[in-house]
Q: 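Handing you this structure, nothing more for now.
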Amino acid sequence: MKPKTFFLILIGFSFFGTLVAATGEYPWQLRKDREGIRVSTRSVKDSPIYELRGEMTISVSLEKVTALYEKVEQMLKWFHRAKEVKLIQNISKNESIIYFAADLPWPLSDRDGVYRRVKSIDAATGAVIYTMTYAGPDLYPKQKDRVRVVYLDAEWKF
């Protein structure tokens with residue numbers, strides 16, 4: 001199969017606090033456009049935390065890119081600031097629970113959390129979509145010297 005160009009979009013990723021649903025009144029603002037990666041932010045109503053969107057186009061088969069994304073043990077190699085990643089549970093073929101810890105720069109404390117990752121396919125476009133949300137406090141022990149993130153609303157679209 002010949003590789004195709006796929007558009008990768010990460011929308012609504014917030015590791016640092018509460019993210020409230022953004023509305024159309026807050027347009028995306030391009031912050032960086034370097035080496036084929038575009039990063040935009042927008043304000044979120046009643047929150048000091050910005051919503052983040054990263055976009056890039058790559059020439060690789062959809063199967064290869066989603067296979068890499070699904071291999072939890074490989075996240076340490078490609079996820080920026082990933083410090084520790086563990087597959088806690090495979091609930092089904094399309095749903096899993098993941099522990100993730102991020103190594104943040106001083107003076108911030110490292111962050112961690114337990115997240116539910118669900119895979120779906122957009123019937124109209126064929127895009128593969130992964131949503132990640134907070135899975136709950138009791139699925140992995142709280143770690144010393146890490147701030148537990150209890151809110152995450154992320155979408156990866158391939």
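Along the sequence shown, residues carry numbers from 1. The model shown is predicted, which means the values in this text are computed figures rather than measured ones.
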Q: Would you check if K64 and L62 make a side-chain contact, meaning some heavy-atom pair closer than 4.5 Å?
A: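 No. Closest side-chain heavy atoms not under 4.5 Å.
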Q: Before you tell me yes or no, could you show the steps for E95 and R117 under salt bridge (Lys or Arg N to Asp or Glu O under 4.0 Å), namely the whole-Å CA-CA distance, both residues' side-chain angles and the distance that decides it to 0.1 Å?
A: CA-CA 6 Å; E95 186 174 358; R117 181 175 69 182; over 6 Å; no
Q: If hydrophobic clusters are built by linking Ile, Leu, Val, Met, Phe, Trp and Tyr wherever their side-chain heavy atoms come under 4.5 Å apart, do V149 and V114 end up in the same one?
A: no
Q: Are any of the side-chain heavy atoms of V147 and D112 separated by less than 4.5 Å?
A: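 Heavy-atom side-chain distance check fails, nothing below 4.5 Å.
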Q: Any side-chain to backbone donor/acceptor pair from R148 onto P141? Under 3.5 Å, distance only.
A: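 The answer is yes, because a donor-acceptor pair under 3.5 Å joins these two groups.
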Q: Between atom CD of E155 and atom OG of S120, what is the distance when rounded to the nearest 0.5 Å?
A: 7.5 Å
Q: Check this for me, if you would: do R53 and E55 make a salt bridge, where the nitrogen-to-carboxylate-oxygen distance has to be below 4.0 angstrom?
A: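 The answer is yes: the pair qualifies as a salt bridge.
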Q: Name the atoms and distances for all side-chain donor-acceptor pairs under 3.5 Å in residues 67-77, with sequence neighbours left out.
A:
residue, atom, partner, partner atom, Å
Y69, OH, W156, NE1, 3.4
E70, OE2, K119, NZ, 3.2
E70, OE2, Y130, OH, 2.4
Q74, OE1, K77, NZ, 3.4

Q: Cluster question for you: counting only ILVMFWY and a side-chain heavy-atom cut-off of under 4.5 Å, with indirect links fine, are L152 and I98 together?
A: yes
Q: Flag yes if V65 and V118 sit in one hydrophobic cluster, no otherwise; membership is Ile, Leu, Val, Met, Phe, Trp, Tyr, and two members link when side-chain heavy atoms are under 4.5 Å apart.
A: no
Q: Given the rule that I, L, V, M, F, W and Y join up when any side-chain heavy atoms are under 4.5 Å apart, are F79 and I97 in one cluster?
A: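 No, separate clusters.
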Q: Among all residues two or more places apart in sequence or in another chain, which pass the side chain to side chain contact (heavy atoms under 4.5 Å, CB included) test with D122?
A: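 Once residues adjacent in sequence are excluded, the partners of D122 under the side chain to side chain contact (heavy atoms under 4.5 Å, CB included) criterion are A124, T125, A127, I129.
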Q: Could you grab the distance from atom CZ of R38 to atom CG of L30, nearest 0.5 Å is fine?
A: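 The CG atom of L30 is 8.5 Å from CZ of R38, to the nearest 0.5 Å.
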Q: Which residues pass the side chain to side chain contact (heavy atoms under 4.5 Å, CB included) test with T41, sequence neighbours left out?
A: R31, Y50, L52
Q: Is it true that Y99 and Y115 have ring centroids separated by less than 6.0 Å?
A: no
Q: One pair to check against side chain to side chain contact (heavy atoms under 4.5 Å, CB included): W28 and E51. What are the steps and the verdict?
A: CA-CA 9 Å; W28 289 106; E51 187 173 18; 3.7 Å; yes
Q: What pairs of donor and acceptor atoms, side-chain ones from residues 80-91 against any protein atom, are under 3.5 angstrom apart with sequence neighbours left out?
A:
residue, atom, partner, partner atom, Å
R81, NH1, D103, O, 3.1
K83, NZ, D110, OD2, 2.6
E84, OE1, R146, NH1, 2.8
E84, OE1, R146, NH2, 3.3
E84, OE2, K86, NZ, 3.3
K86, NZ, Y140, OH, 2.7

